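Below: the structure, in structure tokens.
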Protein chains: 2
Amino acid sequence: MRPQKVLDDEILAGLTKVFRSKGYEGASLKELAEATGLKKASLYHRFPNGKQEMAETVLNHIGEWVQNNVFLALADEEVSPQMRLKNGILQITKLYNGGEETCLLRALSMKAGLDLFNEQIQNGMQDWINAFYNLGLELGFSTSKATKYAVQTLVDIQGSLIVTRGLNDIKIFEETLKKIESNYLE
Amino acid sequence: MRPQKVLDDEILAGLTKVFRSKGYEGASLKELAEATGLKKASLYHRFPNGKQEMAETVLNHIGEWVQNNVFLALADEEVSPQMRLKNGILQITKLYNGGEETCLLRALSMKAGLDLFNEQIQNGMQDWINAFYNLGLELGFSTSKATKYAVQTLVDIQGSLIVTRGLNDIKIFEETLKKIESNYLE
DNA sequence: GTCTATAGCTAGATAGAC
DNA sequence: GTCTATCTAGCTATAGAC
């Protein structure tokens with residue numbers, strides 16, 4: 001068995017970078033190949049269903065990362081709800097590289113991507129809301145307040161990433177994370 | 001002079017619909033032609049610089065609409081600041097068709113579009129912030145509070161449109177507009 | 001498992017008849 | 001001003017050598 005020229009992690013990192021910045025239709029196989037260091041044909045060996053499978057794999061991989069880092073921090077029963085929030089927000093900062101990176105769910109949310117990944121996008125967003133909903137309950141919120149705050153938190157994250165990119169001003173993302181934290185803790 | 005087969009308004013409407021839903025790279029000339037009712041070659045007659053010019057035209061056209069409707073309502077000195085807000089939000093609902101339509105600035109905000117339309121997108125977003133900043137001042141806010149609220153309003157609009165699409169739940173957009181209104185008026 | 005080469009198609013864009 | 005026809009380049013995807 002010939003050794004893999006590129007490790008799986010590097011492949012995933014390359015695919016992720018391209019899909020995040022270019023979206024589904026904007027990501028060409030040429031770019032995906034260059035970003036992973038593999039040739040196009042080799043990519044098809046790893047992902048027989050082509051571009052769609054590559055995007056699905058990236059979606060699942062980021063989804064797992066969020067589960068194992070963001071949501072785990074938010075639900076960690078070892079520490080206080082206040083501390084969970086702080087830790088969760090730290091993981092969110094990491095996920096979006098301080099506001100430099102866009103959200104993959106959003107990047108795949110133009111018409112073509114939405115049609116293909118409708119379910120993953122919907123579930124992914126619902127998971128975010130659920131994670132913050134549960135945190136709200138732990139902080140003593142009513143169910144309706146917990147829901148309201150959870151939805152607003154997702155709106156804040158998505159909106160601030162958009163505006164951060166549009167205005168090329170990372171402070172908007174940073175301030176929004178601070179606002180989310182103080183929202184829950186006041 | 002041969003009569004134009006399709007009125008300019010219909011052409012713009014078709015281009016707008018496609019760019020909004022598909023983004024810049026996702027919008028193909030085939031689709032743009034079908035949506036406008038013109039053949040590709042005819043589109044090139046109207047827009048000699050091709051797809052980029054079509055997107056620029058749509059950007060400018062929506063920008064003007066926003067100026068003449070949303071911002072005008074928000075700045076109308078004939079009525080009270082409270083009423084301006086109500087009217088402005090009505091225009092925003094119209095702009096996004098109650099949450100069914102995405103924001104063009106966002107649709108053109110993936111890498112390729114950002115590179116081409118950086119300036120229009122940045123100016124467009126800054127205009128939104130300025131409009132709400134001025135409204136805040138009229139309501140007696142300090143400059144720092146007015147800035148904070150204006151940025152948050154843009155974040156709310158962009159974020160709620162994303163989450164509305166992702167969850168396929170238009171109530172998120174509706175509730176966000178209500179929240180923006182009560183934010184300013186309480 | 002990776003590569004070169006290429007198929008088959010669609011993209012954006014143009015020429016020229018009417 | 002609109003059309004049919006076509007160009008070239010790029011796309012996704014596959015074949016087959018190593």
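Since this is a predicted model, take the numbers as computed values, not measurements. Reminder, nothing fancy here: chain letters follow the sequence lines and each chain counts from 1.
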Exercise. side-chain contact (heavy atoms from CB on, under 4.5 Å) between A/F47 and A/Q52: does it pass, once the steps are laid out?
Worked result: CA-CA 9 Å; A/F47 305 95; A/Q52 177 165 357; over 6 Å; no
For this session: Report the residues that fulfil ring-ring contact (aromatic ring centres under 6.0 Å, His included) with B/F141, sequence neighbours left out, ordered by chain and then residue number.
Result: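 Listed in chain order: B/Y149, B/Y184.
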Starting at [atom1] of [X] and ending at [atom2] of [N], how long is that distance when rounded to a whole Å?
X     : N      : atom1 : atom2 : value
B/E34 : C/dT10 : CD    : P     : 12 Å
B/H45 : D/dG1  : NE2   : C1'   : 5 Å
B/L32 : C/dA11 : CG    : C1'   : 12 Å
B/F47 : C/dT14 : CZ    : P     : 15 Å

Pairs under 3.5 angstrom only: tabulate donor-acceptor contacts from the side chains of residues 128-140 of chain A to other protein residues two or more places apart or in another chain.
unit_1: A/N130; atom_1: OD1; unit_2: A/Q126; atom_2: NE2; d: 3.2
unit_1: A/N130; atom_1: ND2; unit_2: A/Q126; atom_2: O; d: 3.4
unit_1: A/N134; atom_1: ND2; unit_2: A/N130; atom_2: O; d: 3.3

Seminar exercise, completed: Once base and sugar-phosphate atoms are separated, protein heavy atoms under 4.0 Å mark nucleotides 11-16 of chain D, 5' to 3', with B, S and - as SBBBB-
Exercise. Hey, where does DNA chain C pair up into stems, meaning at least three consecutive Watson-Crick or G-U pairs with distances under 3.5 Å?
Worked result: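 Stems found: C:1-18 with D:1-18.
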Exercise. Say you draw a straight line from CG of A/L161 to CD of B/Q158; how long is it, rounded to the nearest 0.5 Å?
Worked result: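 It is 11.5 Å, given to the nearest 0.5 Å.
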For this session: Using modelled atom types only, decide if a donor and an acceptor are shared between the side chain of A/S42 and the backbone of A/L38 within a distance under 3.5 Å.
Result: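 Not at all, since once roles are kept as given, no pair shorter than 3.5 Å links the two residues.
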Exercise. Is there a donor-acceptor pair closer than 3.5 Å between any side-chain N or O of B/R20 and the backbone N or O of B/T102?
Worked result: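 Checked: pair present.
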Return all side-chain donor-acceptor pairs below 3.5 angstrom for residues 58-72 of chain A, not counting sequence neighbours, or 'none' if the list is empty.
unit_1: A/N60; atom_1: ND2; unit_2: A/E56; atom_2: O; d: 3.3
unit_1: A/N68; atom_1: ND2; unit_2: A/E64; atom_2: O; d: 3.2
unit_1: A/N69; atom_1: ND2; unit_2: A/W65; atom_2: O; d: 2.8

For this session: Kindly say if B/S42 contacts the phosphate of D/dG1, meaning a side-chain N or O under 4.0 Å from OP1 or OP2.
Result: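 False: B/S42 side-chain N/O out of range (4.0 Å or more) of D/dG1 OP1/OP2.
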With a 3.5 Å cut-off and sequence neighbours excluded, list the donor-acceptor pairs that the side chains of residues 169-177 of chain B form with protein atoms.
unit_1: B/D169; atom_1: OD1; unit_2: B/K171; atom_2: N; d: 3.0
unit_1: B/T176; atom_1: OG1; unit_2: B/I172; atom_2: O; d: 2.8

